[in-house]
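Lettering of chains follows the sequences in order, A, B, ..., and the numbering in each one begins at 1.
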Protein chains: 2
Amino acid sequence: MHLTRYTDYALRVLLYLAVKGEERATIHEIAESFGVSRNHLMKVVQDLSHRGYITTIRGKNGGLLLNRPPEEITLGGVVRDTEHELGLVECFRDHNECIITPACRLKPILNEAMGAFMQVLDGYTLADMLGRRQPQLARLMQIPTGAT
Amino acid sequence: MHLTRYTDYALRVLLYLAVKGEERATIHEIAESFGVSRNHLMKVVQDLSHRGYITTIRGKNGGLLLNRPPEEITLGGVVRDTEHELGLVECFRDHNECIITPACRLKPILNEAMGAFMQVLDGYTLADMLGRRQPQLARLMQIPTGAT
DNA sequence: TTTAAACATGTATATAAAATACTACTTAGA
DNA sequence: TCTAAGTAGTATTTTATATACATGTTTAAA
Ligand code: SF4
Ligand code: SF4
């Protein structure tokens, strides 16, 4: 049971931008900071941009900015938007060939479990990911803060 | 976000055996019924056998039987036993290289969500998967019941 | 007005996990 | 003693994901 890196990267990007605040961050910089593929991150960023989570600015001195206050970005929303395949098992997906689907009582149970999972994520926002640890996060992400 | 077929197959095998009751079922028969790989099912079955869920009988007229009453087999237990990789994201797994792990507040949130997911599954047993639909299931699985 | 730093887009390749297939062996009832 | 079953280990195929590559577009600064 995995979430894709794609989804986790999306959350990391949003967190990075939240920590950075008003300042622009480049894809290159974020990829370097986390030591992950710049190309992959680029796709994540475009996705987030198309969905209105972030603003992208092209050209020299360009970069990324959060497009919404962290308090309004729920983790559940991000996961639903970025984790493309949320179908836990065959019968939730296309091309289902499981013969017992019409009478299977596991399916609704899995559905309920999935609901419980998402409900937790819907209860948190990006702001909850900052908290009082923001300075520590900034340090780990190697974001040069205003401080010395 | 997927469960592996391996896990779903494990649950299907248990359900099949539960529906069949006292009667033995062969791996071949179950694979045929669901139209899935016999070889793959074989591994699932051995796993379930080693973990004490089922009894296997070798030789002619051999087959499989449930080793515990359906009421005592929780779905959460089965999923924990068969879904080998339950680590949702990098930091839950080996070789974690995510630099913000020490300060990441997403990790505990995901942990909570995972807990909510499993808690639902822990609340149901194999018996709940039978219910009054047992005859319909038997029909779908093409299990010849005592009836005409 | 040229240059370079940034994002945009599409395609191709590589990696890893999962599913499936194959081979040889053991058990035990008819 | 033959055959239908499970046991075990390995190999191959398939799929999803992640990464890399190539090329284009925008825009601020030199
Ligand atoms: S067994 Fe039930 S839950 Fe699993 S694929 Fe079939 S219908 Fe869905
Ligand atoms: S960002 Fe947080 S949740 Fe994701 S891998 Fe890193 S530590 Fe874990």
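- For residues 3-17 of chain B, the pairs satisfying salt bridge (charged side-chain N to carboxylate O under 4.0 Å, His left out) are A/E90-B/R5, A/E90-B/R12, B/D8-B/R12, with sequence neighbours left out.
- Note on B/H50: only backbone sugar-phosphate atoms sit closer than 4.0 angstrom, heavy atoms only; bases stay farther off.
- Interface remark: the A/K43 side chain does form a donor-acceptor pair with the C/dT11 base, using a distance-only criterion of under 3.5 Å.
- Using a 4.0 Å cut-off, some side-chain N or O of A/Q46 falls inside it from OP1 or OP2 of C/dT9.
- Of the inter-residue distances, the one linking B/I100 atom CD1 with A/L140 atom CG reads 7.5 Å to the nearest 0.5 angstrom.
- The CG atom of B/L41 sits 13 Å away from the C1' atom of D/dG6 (whole-angstrom rounding).
- Look at CD on A/E90: it is 12 Å from C1' on C/dA19, rounded to the nearest Å.
- Map A/V36 and A/K60 each onto its nearest nucleotide of DNA chain D; the residue landing nearer the 5' end is A/V36.
- Scanning atom types as modelled, one donor and one acceptor separated by under 3.5 angstrom connect the side chain of B/R58 and the base of C/dT26.
- Using a 4.0 Å heavy-atom criterion, one finds that A/H2 contacts no nucleic acid atom at all.
- Side-chain N/O atoms of B/N61 include one lying less than 4.0 angstrom from OP1 or OP2 on C/dA30.
- Here the side chain of B/R5 is nearest to one of C/dA19, C/dA21, D/dT17, namely C/dA19.
- Closest to the side chain of A/H40, out of D/dT19, D/dT27, C/dC7, is D/dT19.
- Counting to the nearest Å, the P atom of C/dC7 and the CD1 atom of A/I54 are 9 Å from each other.
- OP1 or OP2 of C/dA8 has at least one side-chain nitrogen or oxygen of A/T56 nearer than 4.0 Å.
- Of the side-chain N and O atoms in B/Y9, none sit less than 4.0 angstrom from OP1 or OP2 of C/dA18.
- Put simply, the side chain of B/R133 never gets that close to the backbone of A/R105: no donor and acceptor are under 3.5 Å apart.
- Within the 4.0 angstrom heavy-atom criterion, base atoms lie near A/N39.
- If you measure from atom CZ of B/R38 to atom P of C/dT23, you get 13 Å, rounded to the nearest angstrom.
- When the side-chain nitrogen and oxygen atoms of A/S49 are compared with OP1 and OP2 of C/dC7, none of them lie within a distance under 4.0 Å.
- Applying the 4.0 Å criterion to OP1 and OP2 of C/dA5, one finds that A/T26 has every side-chain N and O outside that range.
- Regarding B/R24, its CZ atom lies at a distance of 11 Å from the P atom of C/dA28, rounded to whole Å.
- Using cut-offs of 30° and 60° for the angle between ring planes, the A/Y9 and A/H40 rings count as perpendicular.
- Residue-environment remark: CZ (B/R80) exceeds the threshold of 12 foreign heavy atoms within 6.0 Å.
- Of all heavy-atom pairs between B/Y124 and A/E112, the closest is OH-OE1, 2.6 Å.
- Spacing between atom CG of B/D47 and atom P of D/dA8 amounts to 12 Å, rounded to whole angstrom units.
- Look at CE on A/M42: it is 13 Å from P on D/dC21, rounded to the nearest Å.
- Atom OH in A/Y6 sits roughly 16 Å away from atom C1' in D/dA20 (whole-Å rounding).
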